[in-house]
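All chains are named by letter (A, B, ...) in the order of the sequence lines, taking the proteins before the strands, and each is independently numbered beginning at 1.
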Amino acid sequence: MPTSSALTLSLIGGSMNIEHALVCVFSAALAEVAGFDVDPAVRRSPRADFQVDGALALARRLGRPPVQVAQEVLDRVDWAGLHATAQVAGPGFINVTLDDRFLAQELHRVATDERLGVAAATPQVVTIDYSAPNVAKEMHVGHLRSTVIGDAAARLLSFLGHQVRRMNHVGDWGTPFGMLIEHLLDIGETEAAHELSVGDLTAFYQAARAKFDSDPGFAQRSRLRVVALQAGDEQTRRLWRLLVEESEKYFLAVYGKLGVTLSDADFLPESFYNDELAPLVKELDEQGLLHDSQGAKCVFPPGFAGRDGEPLPLIVRKSDGGFGYAATDLASVKYRTGPLAADRMLYFVGTPQRLHFEMVFAAARQAGWIGEKVEVRHVNFGSILGEDGKMLKTRAGQTIKLIELLDEAVSRAAAIVADKSPHLEAETQAQVAWAVGIGAIKYADLSSDRVKDYVFDWDRMLATNGDTAAYLQYACARIGSIFRKGAVVPDPAAPVTLAHPAERALAMELLAFPAVLDTAARTVELHRLAGYLFGLAGLYTEFYSHCRVLGSAEQAGRLVLCDVTRRTLVLGLDLLGIVVPERM
RNA sequence: GCCCCCGUAGCUCAGCUGGAUAGAGCAGUGGACUUCUAAUCCACCGGCCGCACGUUCGAAUCGUGCCGGGGGCACCA
């Protein structure tokens, strides 16, 4: 049970999270009344600052009148470092209203804190698997969500103080490499390197594929080449490295354009696990988990049935002796929980792979590779749909190259910038266009629930008002404009009074930032952060239209509100991977 | 056939472990720049929360069953 001294410490020294403080205070009071732990159910409320609903649930369990229980709980609250008034309302809600001076004091703490009141979490080792393009294949829209969502998660968890390991599970192994290497030899290394590095991967892959399908001689050479590759033939390995390296250069170029934090240090391709696969299969066998089925080596994790109702196999070794992706994924789990000692493993892969990951995790648990306290999670997400409600494709039905999508976003944004901000220099316009265009794509992805499909719509995501990146970026630019216009540097330590309702509402929302980040990180639901930022920008605009800053009697305090708002928006957007231009 | 996800305003979406009159943004209508960026704001209009039962003080939220949409179910990853 939290004590009041612990609470005071948490408010002063650590997280300046009022919501969390209320949870502590009311948990203690509820536990005193109940004799056991009760969820206080602290919520923001339109009728007060917060409402505490836990007494209602408790009353039912105790079989007592809710209002009476609520009052009893309220009487036992030790407010410790909090300053608020509270009363029982309705059927047994407890409405809590914070003192204005207390709010101002908390805002002062946040304003003078580099981290805006966000305490560093107890550090965990978190592995984040995301992006995962395939060597010698074009990155397409299918890689967009994994890359964007995974990168935002990596940024958020790092900021919260976790030891984040970004892992790019690049597809660099398997049977297609026979034909790719043979094609490379056919056209010559120089030409191949050129095609790959400039990003013409589709043509390269398709040419190889076409020959493989039409030319039996080529197909035969390809098959032999796979064998040579797997056997470690030096010349073959060198050519394979060439393919991988050129592709990695290309991926890094795309990441640069997308503004993603993945670097060359984060490539952890499939082939990384090659030497682990045979021992892994052996270990499964020794544990008695491996079964022969139609020539394949399989694990049958309990609880999975196939079309015919029979137990569903996880094929770790194919009947031809090759390893399936289940083997690689199992190896990846083992590597993370073993040498890396991961506390939390997140795999950012689309929903269609749900069953596969459930089976991999179940098998890994059976094998004892996932400790009790370790969280492993398939962070799934829905598809990107076109305006016709089907998977996003070109008009001709082709998959859309990611790089072309990004270029179109930037050029569409450039047209908007040229229209709205002709006063900016050309170079600045180009920077703003990039930030707005890429921001639009990312924000559209991150602002709605991950697990749902979302409809890709240029006009909506690039709208200048509404729930878009551009709107949030513009709000930041306007705040910066106040500082420039007034030639003032906000003093974060300046005293703040929250006399106007718009000032007070803005301050309340600013103080909710740490709780929002906690929730977003815990649930891996980035749209909660996006939604918060949009709401914050709305409250700021309300403040902006009602409260004159420059030249007002409250200038110093209002500048603090502007400053904290801007820093919160910029930080929040940065955690989503979105860049905020100085001016627009 | 079995399993998973989704169904909220004309459109695109929020709604946190059930909580008080269901919220935004677009679109529509009507307003607001001699004043810190109008890439803005304000007001109005708009909803049997897919349907039906059930659980309870209370259900968009939990349970069951339907209806509709999507995805998955052995050697491609």
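- Of the candidate nucleotides B:rU37, B:rC13, B:rG19, B:rG19 has the atom nearest to the side chain of A:Gln51.
- Nucleic acid contact class of A:Pro352 (heavy atoms, under 4.0 Å, all strands): sugar-phosphate only.
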Review point. For RNA chain B, what is the dot-bracket line, given that a base pair needs Watson-Crick (N1 to N3, plus N6-O4 or O6-N4) or G-U wobble (N1-O2 and O6-N3) geometry with both distances under 3.5 Å, and | means paired with another strand?
Key: (((((((..((((.....[...)))).(((((.......))))).....(((((..]....))))))))))))....

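- Judged by the 6.0 Å and 45° rule, A:Arg478 forms a cation-pi pair with A:Tyr544.
- Here A:Arg478 does not reach the OP1 or OP2 of B:rA39: none of its side-chain N or O atoms lies under 4.0 Å away.
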**Study point:** Steps toward side-chain hydrogen bond (donor to acceptor under 3.5 Å, both in side chains) verdict (A:His356, A:Asp329)
**Key:** CA-CA 10 Å; A:His356 167 72; A:Asp329 284 339; 2.7 Å; yes

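- For A:Lys485, the side-chain atoms get nearest to B:rU37 when compared with the rest of B:rU37, B:rC57, B:rA39.
- At a cut-off of 3.5 angstrom, the base of B:rG58 holds at least one donor-acceptor pair with the side chain of A:Arg60.
- Spacing between B:rA22 and B:rC41 at atom P, rounded to whole Å, works out to 25 Å.
- Under the 4.5 Å side-chain criterion, counting only non-hydrogen atoms from C-beta, A:Glu509 is in contact with A:Arg44.
- For A:Tyr443, no side-chain nitrogen or oxygen approaches OP1 or OP2 of B:rG25 to under 4.0 Å.
- Side-chain atoms of A:Thr328 and base atoms of B:rA77 include no donor and acceptor less than 3.5 Å apart.
- Comparing A:Ala89 and A:Leu312, the nucleotide of RNA chain B nearest to each residue sits closer to the 5' end for A:Ala89.
- Between A:Thr464 and the phosphate of B:rU40, there is a side-chain N or O to OP1/OP2 separation shorter than 4.0 Å.
- Comparing B:rG19, B:rU12, B:rC73 against the side chain of A:Val455 picks out B:rU12 as the nearest.
- For B:rC6, the base adopts the anti conformation, since its glycosidic angle falls more than 90 degrees from zero.
- Taking side-chain N and O atoms only, A:His527 has no distance below 4.0 Å to OP1 or OP2 of B:rC16.
- To the nearest whole angstrom, the two P atoms, one in B:rC45 and one in B:rG1, are 47 Å apart.
- With B:rG19, B:rA74, B:rA39 as the candidates, the nucleotide lying closest to the side chain of A:Ile315 is B:rA74.
- For A:Asn465, no side-chain nitrogen or oxygen approaches OP1 or OP2 of B:rA39 to under 4.0 Å.
- Between the P atoms of B:rC2 and B:rG65, the separation comes to 11 Å (whole Å).
- Comparing A:Ser448 and A:Gly309 by the nucleotide of RNA chain B that holds the closest heavy atom to each, the one mapping nearer the 5' end is A:Gly309.
- Side-chain atoms of A:Arg522 stay outside donor-acceptor range of the base of B:rU17, with no qualifying N/O pair under 3.5 Å.
- Distance noted for atom C1' between B:rG46 and B:rU12: 15 Å (whole Å).
- Although no hydrogens or angles enter the test, the distance criterion places no donor-acceptor pair under 3.5 Å between the side chain of A:Arg450 and the main chain of A:Leu526.
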Pairwise N/O distances under 3.5 Å, protein to nucleotides 3-11 of chain B:
{"from": "B:rG7", "atom 1": "OP1", "to": "A:Lys452", "atom 2": "NZ", "distance (Å)": "3.0"}

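- Side chain of A:Gln555 to main chain of A:Gly551: a donor-acceptor pair is present (N/O by atom type, distance under 3.5 Å, no hydrogens or angles).
- Both thresholds, 5.5 Å between centres and 30° between ring planes, are met by A:Phe93 relative to the base of B:rA20, so the two rings are stacked.
- A:Asp39 contributes a side-chain N or O that forms a donor-acceptor pair with the base of B:rU17 under 3.5 Å.
- Checked by distance alone, A:Tyr474 brings no side-chain donor or acceptor within 3.5 Å of a matching partner on the base of B:rA39.
- When each of B:rA74, B:rC41, B:rU37 is scored by its nearest atom to the side-chain atoms of A:Cys298, the top-ranked nucleotide is B:rA74.
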